[in-house]
Amino acid sequence: MYQQVAWIVSIVLIALLAIAFFYVVKHSGREGNGAAVAAATGRWRGRLLWGVTLLSIPVVAYTLTELPYARSAIANLGTVEVQAKGYQWYWEISQTKLPVGKPIEFQVTSADVNHGFAIYGPDMKIVTQTQAMPGVVNVLRHTFEQPGTYKILCLEYCGVAHHSMMTELHVVAQ
Ligand SMILES: [Cu+2]
């Protein structure tokens with residue numbers, strides 16, 4: 001929807017620019033009183049400058065209210081936020097029952113060493129992955145298209161019980 005608005009605004013502005021361009025081309029060969037023409041265009045330029053300046057104030061104010069854009073887009077889409085933290089040697093996941101077809105934002109970090117946060121589908125094929133790092137929150141966005149039991153495995157060797165870092169996500173239809 002926003003893309004369509006941006007598209008229409010662009011087309012209108014391009015059309016105005018084209019009209020101005022053709023106007024200048026059409027009137028360029030004319031002779032006239034140089035001083036009078038300069039005074040007239042000066043007046044118009046001044047008005048145009050003030051018009052654009054005044055118009056830009058509400059436009060800028062309105063568009064700034066959506067900042068930061070990524071965050072407001074997430075809120076509009078009803079994104080589900082999930083905190084995931086890796087430990088030697090288990091995962092702490094804030095929510096393991098997730099809706100199908102809704103954008104999920106995993107905020108992935110680690111309590112100790114580097115881990116790999118990998119999501120595998122019911123067929124045990126990898127779906128998506130990121131690093132789980134101490135002191136850093138990596139954002140991983142994914143929309144599950146199929147319900148089922150997904151697995152989270154560690155993809156980074158992190159110590160003797162690395163292989164036991166496995167937990168399940170249950171993706172369900174709403
Ligand atoms: Cu590991």
Side-chain angles (χ1 to χ4, degrees), residues 1-17 52-174:
M1 188 248 179
Y2 291 115
Q3 221 160 354
Q4 207 172 0
V5 172
W7 176 237
I8 291 165
V9 168
S10 303
I11 290 291
V12 168
L13 293 178
I14 289 167
L16 288 175
L17 202 65
V52 170
T53 306
L54 290 176
L55 187 70
S56 72
I57 293 168
V59 168
V60 169
Y62 175 74
T63 54
L64 284 183
T65 59
E66 298 271 312
L67 276 173
Y69 298 120
R71 189 108 322 253
S72 88
I74 282 165
N76 290 339
L77 283 171
T79 300
V80 178
E81 292 183 17
V82 177
Q83 284 80 40
K85 200 168 192 177
Y87 293 80
Q88 285 170 310
W89 291 276
Y90 59 96
W91 292 106
E92 196 179 80
I93 314 286
S94 65
Q95 185 182 338
T96 56
K97 195 177 158 193
L98 299 172
V100 74
K102 256 198 176 175
I104 314 288
E105 182 181 292
F106 293 96
Q107 296 158 359
V108 182
T109 189
S110 166
D112 37 48
V113 300
N114 267 30
H115 300 279
F117 178 88
I119 301 175
Y120 285 78
D123 55 0
M124 283 313 283
K125 280 188 182 158
I126 193 163
V127 172
T128 184
Q129 64 93 28
T130 189
Q131 283 277 306
M133 300 152 75
V136 176
V137 176
N138 282 328
V139 169
L140 183 66
R141 295 194 183 97
H142 185 70
T143 303
F144 294 97
E145 303 296 349
Q146 296 294 330
T149 301
Y150 290 69
K151 284 195 169 67
I152 296 170
L153 298 174
C154 182
L155 269 194
E156 185 81 50
Y157 182 72
C158 56
V160 289
H162 160 68
H163 58 276
S164 68
M165 285 189 70
M166 182 163 70
T167 191
E168 288 181 345
L169 289 178
H170 302 282
V171 176
V172 292
Q174 285 171 310

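Computed from a predicted structure; not experimentally measured. Atoms within each ligand, like the ligands themselves, are counted from 1 in listed order.
Relative orientation of the His142 and Phe144 rings is perpendicular, given thresholds of 30° and 60° on the angle between their planes.
In terms of modelled atom types and a separation under 3.5 Å, the side chain of His162 and the main chain of Glu156 share a donor-acceptor contact.
When rounded to 10 degrees, the angle formed at the Cu ion (ligand 1) by SG (Cys158) and SG (Cys154) equals 120°.
Counting just the N/O/S atoms of His162, the one with the shortest distance to the Cu ion (ligand 1) is named ND1. Of all N/O/S atoms in Glu156, O sits nearest the Cu ion (ligand 1).
Side-chain contact between Gln146 and Val171 is absent, with no heavy atoms from C-beta onward closer than 4.5 Å. Using a 4.5 Å heavy-atom cutoff, the side chains of Pro122 and Thr149 are not in contact.
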